[in-house]
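Quick notes on the structure that follows.
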Amino acid sequence: MTSDVIVLGLGGMGAATAAEIARRGVRVLGLEQFGFTHRRGSSHGRTRIIRTAYYEHPAYVPLVRRAFDLWADLEQRIGQRLLTPCPCLSVGPPSGELVRGVQRAAVEHGLQVESLSAAEIERRYPQFRIPPEFAGVLEQAAGILAVEECVRAYLDDAISHGADLRSEEPVLGWQAVAGGVEVT
């Protein structure tokens with residue numbers, strides 16, 4: 001069999017890649033060594049958070065903004081809700097990596113965030129007990145993704161656009177050959 005693209009691993013990233021490439025009319029073969037939506041990868045379980053003000057580095061913000069657009073597009077195509085919008089509260093020392101990182105991303109990208117003292121957090125969220133020296137940053141542009149449903153949606157979307165996706169198909173090896181790559 002000949003394909004234009006072979007995607008190895010059909011978890012969150014692989015399934016999305018296969019779907020996006022297949023939607024462009026490219027012949028895609030996707031191989032997953034386990035069953036679809038298995039428990040051995042990072043895209044299993046019920047939920048994952050998505051947040052815009054990434055504390056790790058402001059460079060992630062444009063990528064996450066695009067991800068929100070792509071989740072909305074996928075939801076529209078499949079007629080299913082995958083993303084539940086909800087605020088994200090980051091809490092830690094005011095000079096720590098988390099709080100300062102969220103604030104930095106917010107400033108660099110004009111994101112709406114709200115700074116809260118420990119007392120304000122406890123007033124608003126009485127279920128929390130926050131050390132008095134901590135602070136929080138609340139962002140509205142965040143949510144919860146139904147992660148296994150997201151993977152399944154991308155797999156179904158890829159198949160509907162002509163991708164050949166196979167589960168229980170471990171890759172034994174690959175080699176460069178004239179004009180491409182051969183996968184066993």
Side-chain angles (χ1 to χ4, degrees), residues 1-88 105 108-112 139-184:
M1 164 183 204
T2 301
S3 297
D4 297 318
V5 173
I6 301 174
V7 177
L8 305 182
L10 294 171
M13 296 303 290
T17 299
E20 291 298 322
I21 292 170
R23 286 180 57 233
R24 289 166 174 78
V26 176
R27 291 177 302 168
V28 177
L29 171 64
L31 304 174
E32 172 56 56
Q33 67 178 326
F34 304 114
F36 294 136
T37 65
H38 59 82
R39 298 189 173 276
R40 295 183 177 110
S42 64
S43 299
H44 75 281
R46 293 179 46 106
T47 61
R48 293 292 184 281
I49 64 168
I50 183 170
R51 54 197 162 83
T52 305
Y54 262 64
Y55 77 91
E56 292 89 338
H57 197 280
Y60 284 103
V61 173
L63 300 173
V64 178
R65 283 179 163 160
R66 180 68 177 134
F68 273 97
D69 292 341
L70 293 172
W71 287 121
D73 290 348
L74 179 61
E75 287 178 329
Q76 183 86 25
R77 283 195 309 277
I78 67 169
Q80 178 184 354
R81 186 176 186 167
L82 301 169
L83 171 64
T84 301
C86 69
C88 180
E108 285 192 29
H109 292 280
L111 303 174
Q112 295 295 317
E139 65 174 299
Q140 297 297 322
I144 299 169
L145 291 163
V147 69
E148 286 185 7
E149 292 175 33
C150 292
V151 173
R152 174 50 65 190
Y154 268 126
L155 294 170
D156 292 345
D157 195 44
I159 291 167
S160 76
H161 288 91
D164 180 6
L165 305 183
R166 301 178 187 183
S167 66
E168 307 291 336
E169 191 76 43
V171 172
L172 304 175
W174 66 273
Q175 65 179 352
V177 295
V181 175
E182 184 177 279
V183 177
T184 306

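Starting from 1, each residue takes its place in the sequence as its number. What you see is a predicted model; the values in this text were computed from it and never measured.
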Heavy-atom side-chain contact between [X] and [Y] under 4.5 Å:
X	Y	answer
Ile21	Arg24	no
Pro62	His109	yes
Gln33	Leu31	no
Ser167	Leu10	no
Phe34	Arg39	no
Leu155	Leu165	yes
Leu82	Leu74	yes
Asp157	Arg77	yes

Quick check: closest heavy atoms across Gly45 and Val147, and the distance to 0.1 Å?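 For Gly45 versus Val147, the nearest heavy atoms are O-CG1, 3.1 Å.
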
Are more than 12 heavy atoms from other residues, nucleotides or ligands located less than 6.0 Å from atom OH of Tyr60?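 Result for OH/Tyr60: open.
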
Do other residues, nucleotides or ligands put more than 12 heavy atoms under 6.0 Å from the CD atom of Gln112?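 Result for CD/Gln112: open.
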
Rounded to the nearest 0.5 Å, how far does [atom2] of [Y] lie from [atom1] of [X]?
X	Y	atom1	atom2	answer
Gln80	Arg152	CD	CZ	11.0 Å
Arg65	Leu63	CZ	CG	11.5 Å
Glu168	Glu32	CD	CD	8.5 Å
His161	Arg23	NE2	CZ	6.0 Å
Trp71	Gln76	CH2	CD	15.5 Å
Glu169	Leu8	CD	CG	11.0 Å

Whether the side chain of Glu75 engages the backbone of Arg81 through a donor-acceptor N/O pair (distance < 3.5 Å, no angle test) should be reported.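 A pair under 3.5 Å: no.
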
Applying salt bridge (charged side-chain N to carboxylate O under 4.0 Å, His left out) to Glu56 and Arg51, what does each step give before you reach the verdict? CA-CA 11 Å; Glu56 292 89 338; Arg51 54 197 162 83; 3.0 Å; yes

